[in-house]
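Ligands are counted one by one from 1 in listed order, and the atoms in each one are counted from 1 as well. It should be emphasised that the depicted structure is a prediction, and the values quoted were computed from it without experimental measurement.
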Amino acid sequence: MISINIFTKNNFMMFQKLKTEVTAIIKSAKLKDQKLTLICELLKSNVLHYDWVGFYFRNGQKNELVLGPYAGNPTEHNTIPFGKGICGQVALSNQNFVAPDVKAQDNYIACSLTVKSEIVIPIFVNGKNIGQIDIDSNTLNPFTKADEVFLEFVCTKVAYIL
Ligand code: SME
């Protein structure tokens with residue numbers, strides 16, 4: 001019980017620190033895509049269970065997503081039609097999607113055999129779902145409410161620069 005409490009507290013402190021760093025990146029003088037890349041790298045290198053971190057955005061008025069800046073192994077999935085995979089479902093549902101075990105998903109696009117779980121959080125600008133942050137993990141069932149709250153914060157900050 002004690003170790004769970006310490007873990008939860010440490011995670012909370014880690015996310016608090018990362019929030020400050022994300023805010024500093026957003027406020028920096030860099031270009032938009034540089035900021036997004038830095039955020040991906042920050043999250044991937046600091047959160048142990050984040051193994052691939054990337055942004056997908058709506059492709060103009062088309063019903064598809066295109067890959068934006070990311071950190072991690074290159075993916076073949078540069079475009080994803082609305083409705084396909086976890087990302088495509090979030091484009092339509094406007095809801096967070098946590099997949100604790102991707103093997104249990106019947107509408108899932110595999111990027112790598114090492115990925116065991118995934119979380120996707122939509123990004124809203126003026127109330128419109130314009131993209132998302134997508135995180136793959138090589139750990140089974142690693143995401144908690146703390147990840148969702150933190151990533152919603154990141155998406156809110158990112159929305160300012162889009
Ligand atoms: N697994 C995602 C596809 C994108 S990759 O994870 C980079 C999906 O099912 O939509």
Q. Distance from Ile26 atom CD1 to Lys32 atom NZ, nearest 0.5 Å?
A. 11.5 Å

Q: Please lay out, stage by stage, how Asn63 and Arg58 fare under the test side chain to side chain donor-acceptor pair (under 3.5 Å).
A: CA-CA 7 Å; Asn63 287 336; Arg58 187 173 187 181; 2.8 Å; yes

Q: Check the angle between the aromatic planes of Tyr56 and Trp52 and answer parallel, tilted or perpendicular using the 30° and 60° thresholds.
A: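 Ring orientation of Tyr56 relative to Trp52: tilted.
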
Q: Report yes or no: do Tyr50 and Asp147 form a side-chain donor-acceptor pair below 3.5 Å?
A: yes

**Q.** Pair Asn138-His49, side-chain donor/acceptor within less than 3.5 Å
**A.** no

Q | Residues in the immediate environment of ligand 1 (any heavy atom closer than 4.0 angstrom) | A |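 For ligand 1, the residues that come within the 4.0 Å heavy-atom cutoff are Trp52, Tyr56, Ile80, Gly85, Ile86, Cys87, Tyr108, Ile109, Cys111, Glu118, Asp134, Asp136.
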
Q: Could you tell me which residues satisfy ring-ring contact (aromatic ring centres under 6.0 Å, His included) with Tyr108, sequence neighbours excluded, listed by chain and number?
A: none

